[in-house]
Amino acid sequence: MATKAECEEAGRTMRAMVLESPKTPLKSVRMNIPEPAEGHVRVRVSACAVCRTDLHVVDGDLDKPKLPIIPGHEIVGVVDKVGKGVDSNLFSIGKRVGIPWLGRTCGKCTYCLEGAENLCDDPAFTGYQIDGGYAEYAVAHAAYCFPLPEIYSDIEVAPLLCAGLIGYRSLRKTGFKPGLDKKKRIGIYGFGAAAHIIAQVAIHEGHQIYAFTRAGDKEAQAFALRLGAIWAGDSMSLPPHELDAAILFAPVGLLVPAALKAVRKGGIVVAGGIHMSQIPAFPYSILWGERQVVSVANLTRQDALEFLELAPKACVKTETVVFPLDKANEALASLREGRLEGAAVLVP
């Protein structure tokens, strides 16, 4: 028989913004607060950043979401309850943690066994197959939660959990690491949440940033220059110098040949998004010269550990626009229409 406390717990409800079907607005609903299963923790959400991947889920660009689904995978909150088997020393009640996109991996496939869990054959992702952080509470597997740098507030740290992590993986995919003797010229296409974070890391490591924005977006260009970019211009224009690498955060296929034209022989173009529009045909001549095009897929837990340690050392500061939870549709619209400088963050 359930105890009185268990009955009271079972009757508690929370607010959440729910996607019932793609290409429809999120609905504000009241639902039962979820219980953490074995190995899981429940977190009382204090902030959840809004990612372009959320937009791809809502807009139907990613075609296999659990429905209905609570979006959101840049979740900050405090542990409210732990399931069986969770180390209470690591996840004590009241401890602040972050919950990212990678929610579960199989641990058995070739990729997991080779240390490439971001390519797992049977993963589950927060806000896509696992209910996410557009809510007052969220449940996550403890092994995929992370402690957060104390220097940041909840709102400041939320964008680091995907915009920062995928930006970090994209930067490392260029092959450029700290301690290089020669500064590298790195172009960033699409100067939004991920770009404004990783530009600061790249500059901290001694590289030069060239920022590419939508045509005529003078505000975004000024934003990039303010963060330390040495040049900013339209995405279809050529920079004043050949680039060593280009990172594409804008999900626009047309930018792939544009970036190839901008990088030197032996240069690399990194596509940092989970989705991109059709890439048009382009002449082999702009790929020739041992130029490369690679994609970035998801992230690993090691990426998170490395980046969350690096961000305070690089003095990364996040630019945020705060929306109340019930204005999630407005936040998504602002992202969709390119009206944000930095990252949107929802607060319950």
Side-chain angles (χ1 to χ4, degrees), residues 12-37 40 42-43 45 47-75 77 99-105 120-141 144 158-159 161-163 166 190 192-194 249-253 273-278 297-299 321-340 343-348:
R12 295 172 62 203
T13 62
M14 69 176 187
R15 290 182 302 127
M17 298 298 290
V18 175
L19 177 70
E20 295 185 345
S21 62
K23 301 182 181 180
T24 63
L26 304 183
K27 290 187 177 181
S28 178
V29 301
R30 186 159 285 279
M31 60 199 304
N32 289 336
I33 295 175
E35 288 294 310
H40 289 63
R42 187 173 72 194
V43 169
V45 178
C48 183
V50 177
C51 178
R52 186 165 291 277
T53 300
D54 300 338
L55 198 58
H56 290 316
V57 173
V58 171
D59 289 350
D61 298 323
L62 302 181
D63 60 1
K64 296 180 181 179
K66 174 186 82 70
L67 292 173
I69 186 75
I70 301 172
H73 57 272
E74 299 178 281
I75 308 167
I99 303 172
W101 170 248
L102 188 65
R104 188 201 71 216
T105 55
C120 175
D121 282 333
D122 185 27
F125 300 108
T126 310
Y128 188 35
Q129 286 100 12
I130 302 169
D131 281 331
Y134 288 17
E136 292 178 316
Y137 290 85
V139 167
H141 197 298
Y144 296 83
L161 289 166
C162 186
I166 207 66
F249 292 122
V252 181
I274 194 171
H275 170 80
M276 180 176 279
S277 62
Q278 188 77 17
N298 312 311
L299 57 103
V321 181
V322 177
F323 293 81
L325 176 61
D326 60 5
K327 300 295 183 184
N329 287 309
E330 292 183 18
L332 288 166
S334 295
L335 177 58
R336 186 183 292 111
E337 296 162 12
R339 292 188 276 113
L340 292 171
V345 179
L346 302 177
V347 293

For T24, all residues meeting side-chain contact (heavy atoms from CB on, under 4.5 Å), sequence neighbours excluded: L19, S21
Sequence neighbours excluded, the answer for side-chain contact (heavy atoms from CB on, under 4.5 Å) partners of A333 is R336, E337, R339
N/O donor-acceptor pair under 3.5 Å between E136 side chain and P348 backbone: no
Would you please name every residue forming a side chain to side chain donor-acceptor pair (under 3.5 Å) with D121, sequence neighbours left out? none
Rounded to the nearest 0.5 Å, what separates atom CD1 in I75 from atom OG1 in T126? 5.5 Å
Applying side chain to side chain donor-acceptor pair (under 3.5 Å), name anything that partners Q278, two or more places apart in sequence or on another chain. none
Please name all residues satisfying side chain to side chain donor-acceptor pair (under 3.5 Å) with Y137, sequence neighbours left out, ordered by chain then number. R12
For residues V18 and P68, report the shortest heavy-atom separation together with the two atoms involved. CG1-CB, 3.6 Å
Scan side-chain atoms only and decide if T53 and Y128 contain a donor-acceptor pair under the 3.5 Å cut-off. no
Which residues share a salt bridge (Lys or Arg N to Asp or Glu O under 4.0 Å) with D326, sequence neighbours left out: none
Pairing residues for L346 by the side-chain contact (heavy atoms from CB on, under 4.5 Å) criterion, not counting sequence neighbours: V50, Y134, F323, L325, A328, A331
SG of C120 to CZ of R104: how many Å apart, nearest 0.5 Å? 7.5 Å
Any residue meeting side-chain contact (heavy atoms from CB on, under 4.5 Å) with A193, in chain and number order, not counting sequence neighbours: A163, A343
Quick check: does any side chain N or O of S277 sit under 3.5 Å from a backbone N or O of G253, one acting as donor and the other as acceptor? yes
For the residue pair V139 and E35, establish whether any side-chain heavy-atom pair is separated by less than 4.5 Å. no
Got a second to check how far C48's SG is from D54's CG, nearest 0.5 Å? 6.5 Å
What heavy-atom pair brings A16 and M31 nearest, and what distance separates the two atoms? CB-SD, 3.7 Å
Considering residues at least two apart in sequence or located in another chain, which fulfil the side chain to side chain donor-acceptor pair (under 3.5 Å) criterion with E20? K27
Rounded distance [0.5 Å steps], CG in L161 versus CD1 in I166: 12.5 Å
Qualifying salt bridge (charged side-chain N to carboxylate O under 4.0 Å, His left out) pairs with a residue from residues 60-71, counting only residues at least two apart or across chains: K66-D131
Can you pull out every ring-ring contact (aromatic ring centres under 6.0 Å, His included) where at least one residue sits in residues 53-74? Sequence neighbours excluded, please. H56-H275, H73-W101
Only one of L332, L26, V29 forms a side chain to side chain contact (heavy atoms under 4.5 Å, CB included) with M17, so which one is it? L26
Heavy-atom check, side chain of I33 versus side chain of R42, under 4.5 Å: yes
Which heavy-atom pair separates I70 from G133 by the least distance, and what is that distance? CG2-N, 4.5 Å
Could you pull out the closest heavy-atom pair between V345 and A158, with the gap in Å? CG1-CB, 4.4 Å
